[in-house]
Amino acid sequence: MEAVAEGLWGLADYEEKKGEVGKAVKCLEAICQSQVSFLPIIEIKTRLRIATLLLNHSNNVNHAKSHLERSQLLLKSIPSCFELKCRAYSLLSQCYLLVGAIPSQKQILNKGLELISTSEDGFSGRLWYCNFNSQLANALTIEGDHHGSISALDNGLMCATQMCYPELQMFFATSILHVHLMQWENESSVQDALNRCNVIWESIELEKRQQCLGLLFYNELLHVFYLLRICDYKNAGQHVDKLDAAMKSDLQRRQQINELSKELDAVNESLSSSDLNYRDRSALSAKQAHLEEQLSNLAGNDKEFSEPIYFGSSRRTWEDKLELAPPPVDGEWLPKGAIYALIDLTVTVFNRPKGLFKECLKRIQSGLQTVQEELKKYGILDGMREVDLQHSAIWIASVYLMLLMHFLENKVAVDLTRSEFVEAQEALVQMRNWYIRFPTILQASECVIEMLRGQYAHCVGCYDEANYHFLEASRLSENKSMQAMCFVYAAISYICMGDAESSAKALDLIGPVLGVMDSFTGVREKTSVLLAHGFLLMRQQNLQEARNRLAFGLQTTHNTLGNLQLVSQYLTVLGNLGLALRDTVQAREILRSSLTLAKKLNDIPTQIWVLSNLTAMYQQLGEKGSEMENLDYQAKKVEDLQKRMSSACLSSHHVELISKVKAEAHQLSETDIKRAISGPSMRVDLDIPESIGLSVTSPMASSSRLMDFDMGRLRKRKA
């Protein structure tokens with residue numbers, strides 16, 4: 001019977017290579033369903049093979065789980081078979097993960113660790129030990145047990161160190177850093193984890209480092225997330241550049257591989273012809289060998305892989321995967337398409353404060369295209385809703401949907417900055433519609449959507465509606481940073497309303513933030529609240545205190561954030577203040593600098609505000625020619641802004657966006673919420689630093705506009 005089994009195994013391999021996965025499974029199931037008994041070891045190997053096929057090629061996780069549970073029962077009666085037992089535990093753990101059975105997953109992983117503790121299987125046993133600890137850390141992170149997750153990863157790191165395996169050490173070190181970034185108990189712990197990654201990465205030979213593309217992307221992205229969060233933009237820049245260069249190099253390599261593959265296919269087809277003469281066949285054979293060698297050199301260690309890929313969808317090849325660790329650990333953070341999109345997003349987030357909007361829009365478009373192609377690949381089409389998703393597809397869907405929302409959020413902010421209100425409307429409506437369709441997966445976006453609705457309402461002068469949405473966003477978030485920024489945004493809206501009661505409400509919102517502004521990581525909240533407070537003090541005629549606040553905030557913004565728009569608005573308020581204090585020499589210099597920045601950003605409301613101040617200054621100085629020239633330019637800008645605002649207000653989306661009604665959507669169970677947000681890999685946190693823009697605008701000459709880019713992290717609201 002062993003020969004029969006080997007024949008069916010071979011036939012299954014043949015059918016799989018042809019893409020006939022169903023036939024391959026039937027060949028294997030013939031062994032399991034046979035009336036004649038096979039040896040237990042044959043049945044075990046067959047069921048493991050079936051489970052692998054199902055996990056690689058289908059969403060039939062429960063069927064795969066049944067085969068693995070049967071294999072596990074059979075293995076209990078066999079004293080040896082260490083590798084098969086470990087493989088069964090690992091596959092079964094992934095099945096439990098895909099169906100959301102985290103307690104069962106932890107139980108099976110602990111059994112695997114117990115097996116290894118009684119084994120003397122050397123190097124292989126240590127690799128399986130790393131595998132189980134990696135999966136256990138992931139399960140613990142899903143449950144919110146960050147300390148337990150770090151403990152499991154520390155065990156893996158210690159084992160990899162004992163093995164003298166720096167690449168595997170780097171896998172665990174970066175994973176630990178990621179958990180610290182998600183948890184963020186204190187900055188020193190995060191810094192220690194970051195430093196350890198740097199030491200281990202430098203210990204890897206340069207040639208090997210270049211081959212570890214997955215680790216390079218993972219490590220560099222984590223560095224960027226950390227540096228942006230602490231507002232160290234100077235050092236973040238080199239990591240962003242390194243990521244972008246590595247992505248472009250890999251894309252170029254993939255293109256070369258595709259071109260060579262097409263050429264090789266054509267040569268193979270020609271060689272299949274039976275009427276070739278000896279000379280032509282020899283020439284084609286030589287070309288075939290040359291092309292195969294070129295492909296081998298370009299592909300390097302790239303290969304198809306047969307291990308389950310966590311996502312329960314169609315089989316992916318080397319083109320889609322960025323491995324972080326060797327088999328059987330076979331770690332992966334995100335599919336390659338998601339990594340590419342995330343790099344585009346990172347470049348966007350980094351460039352937005354610098355006003356490089358052309359590059360930002362280019363990256364946003366590129367990222368959206370990548371994400372939409374991947375969503376289509378996984379069957380997420382127009383009209384599909386969250387309830388239509390198979391459970392095993394929740395995580396991969398969440399990855400791309402969250403990326404989609406981040407890109408749209410940046411699109412809204414860029415468009416509002418450029419006073420492209422209609423385009424901002426369209427992107428914001430898209431965000432809202434995606435949230436309504438996928439409310440559990442996109443729960444973290446709910447408060448962001450409300451905040452962006454507030455920003456839009458503010459830009460078109462609907463300050464009362466803006467206040468509502470900002471305060472609603474603060475209620476939807478439990479993140480202190482997000483709440484603080486929403487309070488600042490709402491305060492600015494109140495200030496722009498102009499009456500004494502509104503100013504008092506603004507102070508009530510600003511006061512608590514001022515009291516804790518030094519407790520936040522980085523200086524985003526601090527620079528924002530100082531600008532708002534300085535603006536309020538100026539309105540209240542407390543000019544000297546306003547100047548002190550604004551000067552300190554401007555210095556901090558210039559030295560740390562490098563945010564041109566925020567600098568421009570600080571300068572505009574200070575220029576206005578200079579006029580009030582009759583310091584026209586300083587006011588002229590400050591306002592001209594502000595106008596230069598506002599023009600670079602195409603920030604029309606700020607330009608109008610600066611121009612109105614310059615007009616007032618020219619009147620004070622009696623410079624009639626400059627005054628008339630300035631008024632003429634100012635009138636053109638006001639007319640341009642009024643046209644843009646009128647177009648926005650006439651749009652069908654305007655009323656629904658500013659209305660004091662929150663988007664409602666049906667939420668799934670708490671368990672599904674945790675799975676959708678956490679995902680099957682603890683290395684899935686897409687909670688990256690984001691830019692959030694706020695504008696205060698009125699088309700009148702006396703208007704003011706304040707814009708702040710908050711690179712703060714967006715946190716999910718707990719269910």
Side-chain angles (χ1 to χ4, degrees), residues 3 6-25 27-28 49 52-53 56-57 167 204-217 242-307 309 313-324 326-327 330 332 335-340 343 366 369-370 373-374 376-377:
E6 288 181 354
L8 288 169
W9 287 344
L11 185 58
D13 287 340
Y14 173 74
E15 295 293 348
E16 184 190 4
K17 287 177 182 177
K18 291 198 313 179
E20 299 287 350
V21 179
K23 291 180 180 179
V25 171
C27 291
L28 297 170
R49 180 69 176 132
T52 301
L53 282 170
N56 276 343
H57 297 284
E167 294 93 326
I204 302 173
E205 295 176 9
L206 179 60
E207 186 177 349
K208 287 186 177 180
R209 262 187 272 163
Q210 293 171 344
Q211 295 171 358
C212 299
L213 190 61
L215 282 174
L216 184 147
F217 282 137
K242 190 180 294 185
L243 279 167
D244 200 31
M247 179 183 72
K248 289 176 179 176
S249 176
D250 190 53
L251 284 170
Q252 185 178 24
R253 184 179 68 103
R254 287 179 61 179
Q255 184 178 356
Q256 290 176 322
I257 289 174
N258 290 333
E259 291 172 356
L260 288 172
S261 296
K262 289 179 182 178
E263 192 174 352
L264 181 60
D265 289 341
V267 170
N268 289 337
E269 185 176 352
S270 298
L271 281 170
S272 65
S273 176
S274 58
D275 57 352
L276 280 176
N277 58 45
Y278 176 79
R279 184 177 178 180
D280 291 341
R281 185 173 295 278
S282 296
L284 285 171
S285 296
K287 187 175 182 179
Q288 179 190 51
H290 180 63
L291 289 171
E292 287 175 345
E293 183 181 359
Q294 285 182 288
L295 277 170
S296 178
N297 292 335
L298 279 171
N301 294 325
D302 293 334
K303 59 185 182 299
E304 288 199 355
F305 52 94
S306 58
E307 289 299 313
I309 53 180
S313 58
S314 59
R315 182 179 180 86
R316 298 181 298 127
T317 64
W318 63 269
E319 292 182 332
D320 304 297
K321 183 163 182 174
L322 286 166
E323 290 184 354
L324 299 179
D330 204 27
E332 183 184 23
K336 190 177 282 189
I339 292 292
Y340 286 165
I343 292 171
S366 170
Q369 183 177 347
T370 300
E373 287 174 356
E374 293 297 326
K376 187 180 295 185
K377 186 186 300 183

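Below, all heavy atoms of this structure are taken into account, side chains as well, without hydrogens, waters or symmetry copies.
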Going through the checks in order, is the salt bridge (Lys or Arg N to Asp or Glu O under 4.0 Å) test met by D250 and R253?
-> CA-CA 5 Å; D250 190 53; R253 184 179 68 103; 2.9 Å; yes
All heavy atoms of Y340 vs all of M247, minimum pair found to be CD2-CG, 3.3 Å
Non-hydrogen side-chain atoms of E263 and Q294 separated by less than 4.5 Å = no
Between S249 (side chain) and A245 (backbone), is there a donor-acceptor pair under 3.5 Å?
-> no
L276 and L284: which non-hydrogen atoms are nearest, and at how many Å?
-> CD1-CD1, 3.7 Å
Whether S261 side chain and I257 backbone form a donor-acceptor pair below 3.5 Å | yes
How far apart are the closest heavy atoms of I343 and L243, and which atoms are they?
-> CD1-O, 4.0 Å
Where do G337 and T370 come nearest, in terms of heavy atoms and distance?
-> O-CG2, 3.5 Å
Any chance you could lay out the salt bridge (Lys or Arg N to Asp or Glu O under 4.0 Å) test for K18 and E15, step after step, and finish with the verdict?
-> CA-CA 5 Å; K18 291 198 313 179; E15 295 293 348; 3.7 Å; yes
With side chains defined as the heavy atoms from C-beta onward, is the minimum distance between N268 and Q288 less than 4.5 Å?
-> yes
Interatomic distance, CG@L11 vs CD@E6, rounded to 0.5 Å, equals 13.5 Å
Any chance CD of E269 has more than 12 other-residue heavy atoms, nucleotides or ligands included, within less than 6.0 Å?
-> no
Mind checking the CG-CG spacing from L324 to L216? Nearest 0.5 Å is all I need.
-> 11.0 Å
Is the shortest side-chain N to carboxylate O distance from K377 to E374 below 4.0 Å?
-> yes
How many angstroms lie between CG in L260 and CD in Q255, if you round to the nearest 0.5 Å?
-> 10.5 Å
Over all atoms of both residues, closest heavy-atom pair of K208 and I204 = CB-CG2, 3.8 Å
Nearest heavy-atom neighbours spanning A24 and A12 | CB-O, 3.4 Å
Distance in Å, L264 CG paired with E259 CD, rounded so as to fall on 0.5 Å steps = 13.5 Å
Can you tell me how far the CD atom of E20 sits from the SG atom of C27, to the nearest 0.5 Å?
-> 10.5 Å
Rounded to the nearest 0.5 Å, what's the gap from CD on E292 to CG on L295? Could you check?
-> 8.0 Å
With a 4.0 Å cut-off, would you call D13 and K17 a salt bridge?
-> no
For the residue pair E167 and Q211, establish whether any side-chain heavy-atom pair is separated by less than 4.5 Å.
-> no
Would you indicate whether the side-chain heavy atoms of K287 and L271 approach each other to under 4.5 Å?
-> no
